[in-house]
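Quick notes on the structure that follows.
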Amino acid sequence: MMMAAVNTDQRKRIHPLKFTLWAGMASIIMMFAGMTSAYIVKRSQSNWLQFDLPVIFIWSTIVILLGSLCIHLALKWFRARNMRLYRLLINATALLGVAFITMQFIGFMQLQSSGVQLFGKGSNPAASFLGVIVGLHLLHVLGGVIAILIQFFKSYRQKVKTYSSLSIELAATYWHFVDILWLYLFVFLMWL
């Protein structure tokens with residue numbers, strides 16, 4: 001009876017790595033909340049530049065949503081011990097992440113070619129805010145892509161197959177987080 005109570009208590013505890021990830025994501029949320037709040041305050045300045053985001057930002061949003069679907073399915077197939085489908089889907093997630101980053105850079109280049117200077121001489125606070133906010137998000141997506149690639153390489157490297165899903169759960173949680181964060185930023189930047 002005592003052993004069952006101990007096992008139940010242990011199952012209710014959050015893994016330390018999951019707790020650390022959630023704490024890190026909370027701090028990232030606060031950082032982006034502060035930046036978007038500053039964006040709202042600063043846009044009342046007389047020199048605030050109004051511009052539309054390039055259409056490629058819409059396509060990149062679809063790409064990152066597809067990445068979330070792929071990593072969700074990858075986790076499902078990992079738990080079902082179907083490593084062939086897991087590898088395929090984790091690879092697809094990484095490729096979609098790289099495609100998202102590439103599309104974002106193309107979007108920035110399109111802004112630049114339309115006369116919107118993000119940084120440096122001739123820049124505007126609106127464009128600089130966009131560059132900082134989206135640039136920081138891209139760094140977080142890059143971190144997610146690296147975590148996913150580590151999972152992919154681990155799926156081939158391990159000689160003894162362990163089916164602990166902790167590391168892929170962490171990568172999936174983080175990937176879903178950067179996905180939701182982008183949706184927030186995209187809606188914020190498109191309609192504010």
Side-chain angles (χ1 to χ4, degrees), residues 17-18 20-22 24-29 31-33 35-36 52-114 118 130-158 161-191:
L17 292 176
K18 286 183 180 182
T20 303
L21 177 63
W22 283 98
M25 290 185 311
S27 67
I28 293 168
I29 288 170
M31 177 182 66
F32 279 98
M35 285 191 294
T36 53
D52 293 325
L53 291 178
V55 175
I56 198 161
F57 281 91
I58 295 170
W59 291 107
S60 69
T61 302
I62 293 167
V63 165
I64 201 168
L65 288 171
L66 288 173
S68 265
L69 175 64
C70 285
I71 199 161
H72 171 76
L73 294 173
L75 179 58
K76 175 186 172 192
W77 288 115
F78 181 87
R79 287 178 175 155
R81 297 181 180 190
N82 185 331
M83 294 306 284
R84 185 183 64 77
L85 284 176
Y86 164 70
R87 288 180 189 122
L88 177 72
L89 289 162
I90 204 75
N91 190 39
T93 306
L95 289 174
L96 288 166
V98 170
F100 174 82
I101 292 169
T102 303
M103 294 169 95
Q104 295 283 298
F105 277 116
I106 292 169
F108 281 132
M109 288 180 180
Q110 289 174 351
L111 281 171
Q112 193 97 9
S113 68
S114 68
L118 295 176
L130 175 71
V132 169
I133 290 170
V134 175
L136 280 172
H137 181 263
L138 285 176
L139 286 175
H140 289 92
V141 171
L142 182 60
V145 168
I146 291 168
I148 290 165
L149 287 173
I150 289 169
Q151 294 306 308
F152 178 75
F153 290 121
K154 279 175 60 177
S155 72
Y156 284 102
R157 184 186 60 168
Q158 293 179 346
K161 295 292 183 192
T162 60
Y163 285 98
S164 169
S165 62
L166 177 64
S167 61
I168 186 64
E169 286 175 28
L170 293 169
T173 300
Y174 183 75
W175 190 260
H176 293 313
F177 169 73
V178 295
D179 185 353
I180 292 167
L181 181 60
W182 172 250
L183 288 175
Y184 162 72
L185 293 173
F186 180 71
V187 169
F188 176 83
L189 295 168
M190 283 293 279
W191 287 288

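Just so you know, these numbers come straight off a predicted model, no measurement behind them.
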About how many Å separate [atom2] of [Y] and [atom1] of [X], when rounded to the nearest 0.5 Å?
X: Asp179; Y: His72; atom1: CG; atom2: NE2; value: 13.0 Å
X: Glu169; Y: Arg79; atom1: CD; atom2: CZ; value: 4.5 Å
X: Ile168; Y: Ile150; atom1: CD1; atom2: CD1; value: 11.5 Å
X: Leu65; Y: Ser60; atom1: CG; atom2: OG; value: 9.5 Å
X: Leu95; Y: Leu66; atom1: CG; atom2: CG; value: 12.5 Å
X: Trp77; Y: Arg84; atom1: CH2; atom2: CZ; value: 9.0 Å

Is there side-chain contact between [X] and [Y], with at least one heavy-atom pair below 4.5 Å?
X: Leu73; Y: Leu85; answer: no
X: Phe78; Y: Met83; answer: yes
X: Trp175; Y: Val141; answer: yes
X: Leu89; Y: Ile71; answer: no
X: His137; Y: Phe100; answer: yes
X: Tyr184; Y: Thr36; answer: yes
X: Leu136; Y: Ile28; answer: no
X: Leu130; Y: Leu189; answer: yes

task = Check salt bridge (Lys or Arg N to Asp or Glu O under 4.0 Å) between Lys76 and all other residues, then give those that pass, not counting sequence neighbours.
result =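 If we apply the salt bridge (Lys or Arg N to Asp or Glu O under 4.0 Å) test to Lys76, skipping adjacent residues, there are no hits.
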
Minimum heavy-atom distance between [X] and [Y], given as atom pair plus value:
X: Ile90; Y: Ala74; result: N-CB, 4.0 Å
X: Leu118; Y: Gln112; result: N-OE1, 4.1 Å
X: Trp182; Y: Gln104; result: CH2-OE1, 3.4 Å
X: Gly107; Y: Ile56; result: CA-CG2, 3.4 Å
X: Leu75; Y: Ser165; result: CD1-CB, 4.2 Å

request  = In sequence, state the C-alpha distance, the side-chain angles, and the governing distance for Leu170 and Leu166, and then conclude on side-chain contact (heavy atoms from CB on, under 4.5 Å).
outcome  = CA-CA 6 Å; Leu170 293 169; Leu166 177 64; 4.1 Å; yes

request  = Give the C-alpha distance, both sets of side-chain angles, the deciding distance and a yes or no for side-chain contact (heavy atoms from CB on, under 4.5 Å) between Thr173 and Trp22.
outcome  = CA-CA 9 Å; Thr173 300; Trp22 283 98; 3.9 Å; yes

request  = Give a yes or no on whether Asp52 atom CG has more than 12 heavy-atom contacts from other residues, nucleotides or ligands under 6.0 Å away.
outcome  =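 No, because the 6.0 Å sphere around CG of Asp52 holds 12 heavy atoms or fewer from other groups.
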
query = Does atom CE of Met31 have more than 12 heavy-atom neighbours from other groups under 6.0 Å away?
reply =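 Yes, CE of Met31 has more than 12 neighbouring heavy atoms, counting only those of other groups under 6.0 Å.
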
query = Any donor-acceptor pair under 3.5 Å linking the side chain of Ser113 with the backbone of Gln110?
reply =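 Side chain of Ser113 to backbone of Gln110, a donor-acceptor pair under 3.5 Å: yes, one is there.
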
key: Residues in ring-ring contact (aromatic ring centres under 6.0 Å, His included) contact with His140, at least two apart in sequence or another chain   =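 Checked His140 against ring-ring contact (aromatic ring centres under 6.0 Å, His included); matches are Phe32.
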
inquiry  = Which label fits Phe57 and Phe108: parallel for a plane angle under 30°, tilted from 30 to 60°, or perpendicular past 60°?
reply    =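 The rings of Phe57 and Phe108 stand perpendicular, inter-plane angle above 60°.
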
request  = Quick one: do Leu96 and Ile64 satisfy side-chain contact (heavy atoms from CB on, under 4.5 Å)? Show the steps, please.
outcome  = CA-CA 7 Å; Leu96 288 166; Ile64 201 168; over 6 Å; no

